[in-house]
Amino acid sequence: MPLHHHRHHHHAAAVAVAVADDDDEAKPRRPYSTFASPRAPTSAFSAAFSTHRLLVLFSVACLLVAAASLAFAFSARAATLQPPPLAAVAEATAKVAFRCGRAEDTLRAFLASSSGNYSSAAEGREREKVLAVVGVHTEIGSAARRAALRATWFPPKPEGIVSLEHGTGLSFRFVVGRTKDKEKMADLQKEVDMYHDFLFVDAEEDTKPPQKMLAFFKAAYDMFDADFYVKADDAIYLRPDRLAALLAKDRLHQRTYIGCMKKGPVVNDPNMKWYESSWELLGNEYFSHASGLLYALSSEVVGSLAATNNDSLRMFDYEDVTIGSWMLAMNVKHEDNRAMCDSACTPTSIAVWDSKKCSNSCNTTEIVKALHNTTLCSKSPTLPPEVEDE
């Protein structure tokens, strides 16, 4: 019995092993690559860790960018909340409204920066509407002449200039260039700060007169919307009321050139006064042109000059001849008015000066003061324009 029982147990074990072998044969075998499966969990963990680390780094970068943007926003907000200095605001306003390149209208800049006493005249319009801009051309060293005019017919204070502008439509300025001489500019600046009646043009003081004149027309046209632009000399005695009456007349021609017309021989000898270096272009006699001490150009004429390139305009040695040559090239009406060049005061005088007698050798400051003390010059009534035509 025990022996039989032993054989039976051995047979059962064999059968079990056979069954197990049969089961192994029945199951599909895994591919060869599955031998790496024990390391698979480690690789998955590494990949997950790397992805997580990239996400963390990206989040930190985003936080840094957000913090920097927030800091910039706060700084910009603080800068906008803090107003700029008043001086800077006034300077910026003056540059926008009262400047053209290096040209500057010191009167309007002063009125705009004042306490509001002249609010009507300091509206800051880029082109102020007037009947005419009268530029009294002067030199930096001619303070005595300017003083003589301020003591006679030229208003000595800003409110006087504004009042005259309201009454006649004429806006007066002393026209001057700049110089690199710091001492001269410092002296001139003292005068500017006292009277505020200058128009600086975009030209150096030693610039030739025709070029300085063109700079005046360009600056005046950009700053003022005027019917006329007038050039006056600082050696004349002027009646602003009568000049306004002349310019306010109705005219058929929109392109007008008004002044005391003249002509004469061209000087071709370099040893003589009034020598013209380009005399061969002019012939023996000058064409008709207005005297340079006082003349007026209408708005369309000055607008054309302002839009022209400086290099395309011929410049002769003298300003009045140069302006006259430009007028010959344009379709303008030459209007000769002898009241603009009287040698003595008359009931119709617009401007008084005697170029033949003085020829720049007279004491013009004393002459202007003497004329102002004459009743016929300063106190006679303004005459209507029709009287001048009789």
Side-chain angles (χ1 to χ4, degrees), residues 95-106 108 126-128 132-140 171 173-181 184-185 188 198-234 254-259 266 274-282 286-334:
K95 286 183 178 180
V96 171
F98 316 121
R99 286 180 178 268
C100 169
R102 293 177 61 228
E104 177 186 2
D105 180 2
T106 64
R108 291 175 65 202
E126 292 189 1
R127 296 187 76 213
E128 183 179 358
V133 180
V134 183
V136 181
H137 287 245
T138 184
E139 297 180 358
I140 292 179
S171 191
R173 300 292 189 277
F174 284 112
V175 178
V176 68
R178 291 183 171 86
T179 178
K180 296 179 181 179
D181 190 320
K184 289 184 178 180
M185 283 303 299
L188 181 61
F198 285 86
L199 174 61
F200 283 98
V201 296
D202 190 4
E204 296 296 324
E205 180 66 11
D206 57 356
T207 300
K208 291 184 178 181
Q211 295 173 334
K212 182 179 178 181
M213 184 57 52
L214 183 58
F216 162 67
F217 284 134
K218 286 178 177 289
Y221 187 81
D222 282 342
M223 294 180 184
F224 293 89
D225 179 11
D227 294 338
F228 285 92
Y229 298 83
V230 181
K231 186 265 178 163
D233 194 86
D234 62 359
Q254 297 298 320
R255 304 170 72 84
T256 309
Y257 175 35
I258 310 173
V266 177
W274 310 120
Y275 167 70
E276 172 57 59
S277 59
S278 300
W279 60 268
E280 70 279 0
L281 299 176
L282 298 171
Y286 283 117
F287 40 79
S288 180
H289 61 280
S291 171
L293 273 75
L294 180 65
Y295 59 88
L297 301 180
S298 62
S299 180
E300 287 193 17
V301 176
V302 175
S304 298
L305 293 177
T308 305
N309 190 313
N310 291 15
D311 295 335
S312 66
L313 295 172
R314 178 172 296 281
M315 302 281 182
F316 291 101
D317 292 339
Y318 301 102
E319 167 232 326
D320 54 353
V321 174
T322 301
I323 297 295
S325 70
W326 297 345
M327 296 303 100
L328 285 180
M330 305 170 71
N331 186 24
V332 304
K333 169 66 176 178
H334 288 61

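These numbers come from the heavy atoms of this one structure, side chains and all, not from hydrogens, waters or symmetry mates.
Qualifying side-chain contact (heavy atoms from CB on, under 4.5 Å) partners for Thr138, counting only residues two or more places apart in sequence or in other chains: Ser142, Arg146, Phe174, Val176, Asp234. With sequence neighbours excluded, no residue forms a ring pair (Phe, Tyr, Trp, His ring centres under 6.0 Å) with Tyr295. With sequence neighbours excluded, the residues forming a ring pair (Phe, Tyr, Trp, His ring centres under 6.0 Å) with Tyr257 are His334, listed by chain and number. Applying the side-chain contact (heavy atoms from CB on, under 4.5 Å) rule to Ala132 yields the partners Leu170, Phe228, Val230, Leu247; only residues at least two apart in sequence or on another chain are considered. Residues passing the salt bridge (charged side-chain N to carboxylate O under 4.0 Å, His left out) test with Glu276, sequence neighbours excluded: none. Listed by chain and number, the residues in a side-chain contact (heavy atoms from CB on, under 4.5 Å) with Asp227 are Lys129, Leu131 (sequence neighbours excluded). Checked against side chain to side chain donor-acceptor pair (under 3.5 Å), Ser171 has the following partners two or more places apart in sequence or in another chain: Glu165, Arg173. For Glu139, the salt bridge (charged side-chain N to carboxylate O under 4.0 Å, His left out) test picks out no residue, with sequence neighbours left out. For Asp320, the side-chain contact (heavy atoms from CB on, under 4.5 Å) criterion is met by Lys262, His289, Tyr318, not counting sequence neighbours. Evaluation of the side chain to side chain donor-acceptor pair (under 3.5 Å) rule for Asp225 yields no partner, not counting sequence neighbours.
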Run Arg108 and Glu128 through salt bridge (charged side-chain N to carboxylate O under 4.0 Å, His left out) and show every step you take. CA-CA 10 Å; Arg108 291 175 65 202; Glu128 183 179 358; 3.3 Å; yes
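Applying the salt bridge (charged side-chain N to carboxylate O under 4.0 Å, His left out) rule to pairs touching residues 299-317 yields Arg255-Glu300, sequence neighbours excluded.
From Asn331, atom CG reaches atom CD of Gln254 across 12.0 Å, with rounding to the nearest 0.5 Å.
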